[in-house]
Amino acid sequence: MREGARLRLDYTAQSLWRVDRVIDGIRREGAPYAAVETVLRGLGAYAGEVIVRQAGGEWWATGGDHWVRTPDGRLWDPIDEARRCFTGDGSLRLLCRDATADG
């Protein structure tokens with residue numbers, strides 16, 4: 001991300017619109033994945049925390065992988081979804097919508 005970039009994140013589902021746009025901007029700038037991998041992981045973790053707070057879920061980790069488990073038992077991978085966003089094939093906003101929808 002650009003130094004000094006300001007991204008207001010308040011753990012609401014609406015904030016994920018901004019996160020999706022940031023990831024799209026990074027992709028359009030042509031940044032190599034290796035250069036932004038840590039940023040994407042952080043943005044994915046942020047989206048996971050939004051899901052935890054909005055849906056009453058909890059973080060699950062095993063073998064170095066991290067997921068969010070919602071009360072209905074479904075598992076979500078927001079960190080991988082951030083990677084998919086970077087390739088143009090994902091949306092953290094839509095992941096949150098699906099994860100917080102009634103089963």
Side-chain angles (χ1 to χ4, degrees):
M1 259 201 276
R2 277 188 218 91
E3 187 174 314
R6 294 179 187 213
L7 182 60
R8 185 167 176 252
L9 301 176
D10 57 7
Y11 296 99
T12 62
Q14 293 80 13
S15 69
L16 295 177
W17 283 90
R18 291 187 291 276
V19 174
D20 277 349
R21 286 197 308 265
V22 165
I23 294 172
D24 185 54
I26 293 169
R27 180 175 40 81
R28 281 187 279 117
E29 288 176 3
Y33 176 77
V36 297
E37 182 176 6
T38 301
V39 170
L40 294 173
R41 184 171 179 81
L43 293 172
Y46 168 77
E49 188 60 25
V50 171
I51 294 168
V52 165
R53 293 180 184 202
Q54 298 289 318
E58 61 184 343
W59 281 100
W60 279 52
T62 182
D65 292 323
H66 296 81
W67 298 282
V68 171
R69 183 176 184 264
T70 48
D72 60 10
R74 295 181 293 170
L75 291 173
W76 306 89
D77 190 344
I79 295 170
D80 187 58
E81 190 69 15
R83 292 181 195 115
R84 293 180 66 233
C85 289
F86 183 69
T87 66
D89 190 35
S91 169
L92 293 170
R93 175 186 60 84
L94 294 178
L95 180 77
C96 181
R97 182 198 66 190
D98 292 347
T100 58
D102 291 333

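Just so you know, residue 1 is the first one in the sequence shown, and it goes up from there.
Taking every heavy atom of both residues into account, T100 and A55 meet most closely at CG2-CB, 3.8 Å. Of all non-hydrogen atoms in P78 and G48, the two that sit nearest each other are CG-CA, 3.5 Å. Taking every heavy atom of both residues into account, C85 and L92 meet most closely at SG-N, 3.6 Å. Summarising the geometry of I51 relative to A99, their closest heavy-atom pair is CG2-CB, 3.7 Å, with the distance given to 0.1 Å. The heavy-atom pair separating S15 from D10 by the smallest distance is CB-OD1, 3.5 Å.
Between the side chain of E81 and the backbone N or O of S91, at least one donor-acceptor pair lies under 3.5 Å.
One hydrophobic cluster, built from ILVMFWY side chains closer than 4.5 Å, holds both L40 and Y46. Linking Ile, Leu, Val, Met, Phe, Trp and Tyr whenever their side-chain heavy atoms come within less than 4.5 Å leaves L94 and L75 in two separate clusters. Note: the hydrophobic cluster containing I79 does not contain L9 (ILVMFWY, side chain heavy atoms under 4.5 Å, direct or indirect links). Under the 4.5 Å side-chain contact rule for hydrophobic residues, V39 and V50 share a cluster. Linking ILVMFWY side-chain heavy atoms closer than 4.5 Å, directly or via other members, places I26 and L16 in a single hydrophobic cluster.
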For the pair D65 and D77, evaluate side chain to side chain contact (heavy atoms under 4.5 Å, CB included) and give the outcome as yes or no after the intermediate values. CA-CA 9 Å; D65 292 323; D77 190 344; over 6 Å; no

Would you check, one step at a time, whether the test side chain to side chain contact (heavy atoms under 4.5 Å, CB included) holds for V68 with W59? CA-CA 5 Å; V68 171; W59 281 100; 3.9 Å; yes

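Residue pairs that meet the salt bridge (charged side-chain N to carboxylate O under 4.0 Å, His left out) test with at least one member in residues 30-58, sequence neighbours left out, are E49-R53, E58-R69.
In this structure, W17 places its CH2 atom where only 12 or fewer heavy-atom neighbours from other residues, nucleotides or ligands lie under 6.0 Å away.
Between D24 and R28 there is a salt bridge, since at least one side-chain N of the basic residue sits less than 4.0 Å from a carboxylate O of the acidic one.
Ring geometry, Y33 versus F86: the interplanar angle falls from 30° to 60°, so the pair is classed tilted.
Note that CG of D98 is 10.0 Å distant from CZ of R93, once rounded to the nearest 0.5 Å.
With sequence neighbours excluded, no residue satisfies side-chain hydrogen bond (donor to acceptor under 3.5 Å, both in side chains) with R21.
Side chains of T87 and D89: a donor-acceptor N/O pair is absent below 3.5 angstrom, by distance only.
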